[in-house]
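Every chain is numbered from 1 and lettered A, B, ... according to where its sequence line falls, protein lines coming before strand lines. Below, all heavy atoms of this structure are taken into account, side chains as well, without hydrogens, waters or symmetry copies.
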Amino acid sequence: MPADATVAKAALWRREELLIAVLARLLDGVDHVAVGASSPIPGAAALLARALSKGDTRVSVLGSRRHNPFTEGGRELFDCAAQGRIGAFFLGGGEIDGQANINLVGMGDYPRLDVRFPGSFGSAYLYMLIPRVILFREEHTRRVMVPRVNFISAPGTSDPGVHRPGGPYALVTNLAKFDFDRERRSFSLATVHPGHSAADVAEATGFEYDQPAAVPATEPPPPEWLELLRGRIADELAETYPKFAKAVFGVEAAA
Amino acid sequence: MAATQFIDLAELADRIPDGAFLALPPDYSNVPMAMTHALLRRPARDMRLLCVPTSGIQADLLIGAGCVAAIECAAVSLGEQGPAPRFTNAVVNGSLKFVDSTCPAIHAALQASEKGLPFMPLRGILGSDILANRPDWKVIDNPFAEEKDPIVLLPAIRPDFAVFHARWADRQGNVWIGRRRELMTMAHAARRSFVTVEAVFDGDLLAEDELAAGTIPGIYVDAVALAPRGAWPMGLADLYAPDVAHLADYAKLARSDAGFREYLAQNHLEPAHAG
């Protein structure tokens with residue numbers, strides 16, 4: 001494709017919309033997806049997956065009033081996950097390493113930290129129990145994608161004999177999508193987003209991963225998904241993420 | 001069980017002694033900001049905080065104002081407004097004793113207390129450095145499994161006080177919380193519960209099932225104070241939304257010591273300020 005055509009095509013959707021589409025595809029066939037705190041792009045992806053499934057996919061967005069069914073307080077999400085009632089969840093990380101360990105606590109020699117992140121939230125638990133955990137972090141640099149995390153908030157893999165129905169399924173960033181192989185305990189590069197190359201990904205990644213001879217480009221969001229996103233999903237999202245909905249979709253939260 | 005006392009906000013805050021172990025609700029659930037402001041004005045000292053299971057501006061303000069000796073939490077964050085600057089700063093400069101936990105562990109340890117149990121087992125967590133840094137948590141083999149099945153045990157957590165805001169209390173001290181049932185668990189688990197409310201409910205909250213299902217019985221409620229808009233600048237479900245502009249302003253100012261002091265002066269050190 002000539003360079004000018006790439007530019008013209010890229011202008012049809014925003015970076016956030018591409019990421020939402022990538023995450024929504026990873027939710028295909030999931031009965032119930034839950035979305036944690038401070039996650040507007042995963043939240044939008046879950047709401048999009050629900051719309052595309054014609055309601056077959058249930059969505060629980062933490063911090064939402066309208067898109068959160070729980071009536072037993074903050075613990076219900078965790079109890080639900082331990083029972084196997086949640087099929088997919090999203091986690092991020094201040095650092096992510098090649099074994100899919102994630103660090104949400106900080107950098108330095110714990111507890112003497114040089115940089116403090118907010119904290120582990122429910123990651124140490126949900127990563128172990130939810131079958132399809134999608135790692136999502138927009139920033140893809142050697143600062144984030146490290147050979148070994150400083151602090152393991154939640155481990156990517158576990159020894160045999162540890163009760164672990166859950167774990168990492170994929171990693172999505174501003175540059176690419178990786179799949180995770182739990183047997184081999186490593187990522188493989190699945191697709192690279194338009195405008196970037198496999199070489200860009202290698203340059204920005206501090207851990208080893210597998211890569212096929214030719215890496216396909218990430219499929220952009222189809223026009224009907226964009227229409228859904230900019231209309232109904234943007235309105236649904238504005239309740240929980242007013243700042244994001246306004247910045248990306250120009251939508252104001254209802255009073 | 002003594003009757004619930006109705007007192008004013010300043011007295012409610014005064015009855016929480018320095019050094020007390022306080023359970024705080026998360027940002028999505030009835031944050032007692034007016035009570036927090038009263039604690040700041042006093043000012044309270046050497047508080048030990050348990051975030052159930054996370055906190056935001058409430059813990060950040062108390063930490064920044066020097067009211068806090070120790071904190072146990074799964075996270076402290078201002079959500080969409082970014083990191084909690086005073087918490088982050090205090091951890092990095094070593095002035096705060098912090099204990100990292102994870103959300104379900106805090107919920108489960110409080111459930112142990114509400115059942116009068118010494119501990120609670122919990123799935124997950126194995127292989128996390130949180131566990132590696134918690135000498136108070138133990139790993140045993142599930143005594144009911146035929147094969148080896150390691151599982152974590154958490155000691156019960158019994159806070160001195162559960163503090164939160166709610167829409168209504170009736171004159172018997174029953175407090176309506178709707179679906180925010182982490183507050184129910186906090187009230188069951190803590191030795192005492194101190195609650196601020198938007199209004200006194202003229203009637204009996206336990207009389208009809210529609211309201212009774214979302215009501216904490218007065219058995220668990222020691223004292224109530226009126227505090228209209230008492231969650232501001234956080235929101236209260238169905239009544240008012242968080243004051244996003246104010247929170248953004250806080251997030252910006254609290255990045256520096258001077259900015260944080262300016263915020264306190266503008267908002268909380270003047271007892272007449274009502275928000």
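- Chain A is approached within less than 4.5 Å, heavy atom to heavy atom, by B:Cys103, B:Pro104, B:His107, B:Gln111 from residues 103-111 of chain B, ordered by number.
- Per-residue heavy-atom pair counts under 4.5 Å with chain B were compared for A:Glu72, A:Arg75, A:Arg112, and the maximum is reached by A:Arg75.
- Under the 4.0 Å criterion applied to side-chain N and carboxylate O atoms, A:Arg116 and B:Asp100 are assigned as salt-bridge partners.
- Highest contact tally toward chain B, considering only A:Phe70, A:Tyr127, A:Tyr241, A:Phe78, is held by A:Phe78 [criterion: heavy-atom pairs under 4.5 Å].
- The neighbour count for A:Arg65 CZ, taken as heavy atoms of other residues, nucleotides or ligands under 6.0 Å away, is above 12.
- For A:Val115, the part sitting under 4.5 Å from any heavy atom of chain B is the backbone (N, CA, C, O) and nothing else.
- If you measure heavy-atom distances from B:Leu122 to chain A, the contacts under 4.5 Å come from the side chain alone.
- Between the OG atom in B:Ser101 and the CZ atom in A:Phe121 there is a gap of 12.5 Å [rounded to 0.5 Å].
- Contact annotation for B:Ser29: neither backbone nor side-chain heavy atoms come within less than 4.5 Å of a heavy atom of chain A.
- The closest side-chain heavy-atom distance from A:Tyr110 to B:Asn133 is below 4.5 Å.
- In this structure, B:Glu80 and A:Thr240 approach most closely via the heavy-atom pair OE1-O, 4.3 Å.
- The CG atom of B:Leu126 sits 5.5 Å away from atom CE of A:Met128, with the distance rounded to the nearest 0.5 Å.
- Around the CG atom of B:Asp209, the shell of radius 6.0 Å holds no more than 12 heavy atoms that belong to other residues, nucleotides or ligands.
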*asked:* Let's go through B:Arg123 and A:Asp79 carefully: what are the C-alpha distance in whole Å and the side-chain angles of both, what is the deciding distance for salt bridge (charged side-chain N to carboxylate O under 4.0 Å, His left out) to 0.1 Å, and is it a yes or a no?
replied: CA-CA 10 Å; B:Arg123 282 298 190 194; A:Asp79 295 350; over 6 Å; no

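- Ranked by heavy-atom pairs under 4.5 Å with chain A, the list B:Ala75, B:Gly124, B:Pro53 is led by B:Ala75.
- Of the atoms belonging to A:Phe117, it is backbone heavy atoms, and not side-chain ones, that fall under 4.5 Å from chain B.
- For chain B, the nearby parts of A:Tyr125 are the backbone and the side chain; heavy atoms of each come within less than 4.5 Å.
- At a 4.5 Å heavy-atom cutoff, the contact between B:Thr54 and chain A is made by side-chain atoms alone.
- Interface residues of residues 96-106 of chain A toward chain B, defined by a heavy-atom distance below 4.5 Å and sorted by number: A:Val105.
- Interface remark: B:Asp27 contributes no atoms to any contact with chain A (heavy atom separation under 4.5 Å).
- More than 12 non-hydrogen atoms from other residues, nucleotides or ligands lie less than 6.0 angstrom from CZ of B:Arg158.
- At most 12 heavy atoms of other shown residues, nucleotides or ligands fall within 6.0 angstrom of atom CG in A:Asp109.
- The heavy-atom pair separating B:Phe98 from A:Leu113 by the smallest distance is CZ-CD1, 4.2 Å.
- At a 4.5 Å heavy-atom cutoff, the contact between A:Ser120 and chain B is made by backbone and side-chain atoms alike.
- Residue contact with chain B, scored on non-hydrogen atoms closer than 4.5 Å, is absent for A:Pro40.
- The contact between A:Ser123 and chain B is made entirely by backbone atoms, counting heavy-atom distances below 4.5 Å.
- With rounding to the nearest 0.5 angstrom, the CG atom of B:Asp149 is 7.5 Å from the NE2 atom of A:His163.
- Remark: A:Glu208 CD is loosely packed, at most 12 non-hydrogen atoms of other residues, nucleotides or ligands lying under 6.0 Å away.
- Interatomic distance, B:Thr102 OG1 to A:Leu126 CG, rounded to the nearest 0.5 Å: 7.0 Å.
- The side-chain heavy atoms of A:Lys243 and B:Gln81, taken from C-beta on, include a pair separated by under 4.5 Å.
- In this structure, chain B has a heavy atom under 4.5 Å from the side chain of A:Leu129, while its backbone stays farther away.
- Interface remark: of the candidates B:Gly214, B:Ser77, B:Gly127, B:Gly127 forms the most heavy-atom pairs closer than 4.5 Å to chain A.
- The main-chain N or O of B:Arg179 is never found under 3.5 Å from a side-chain atom of A:Thr71 such that the two would form a donor-acceptor pair.
- Both the backbone and the side chain of A:Phe244 come within contact range of chain B, each with at least one heavy atom under 4.5 Å from a heavy atom of that chain.
- Within a 6.0 Å sphere centred on CZ of B:Phe119, other residues, nucleotides and ligands contribute 12 heavy atoms or fewer.
- With a threshold of 4.5 angstrom between heavy atoms, A:Arg164 does not approach chain B through any atom at all.
- Of all heavy-atom pairs between A:Ile152 and B:Ser128, the closest is O-OG, 3.3 Å.
- When the shell of 6.0 Å around CZ of A:Arg58 is examined, it contains 12 or fewer heavy atoms from other residues, nucleotides or ligands.
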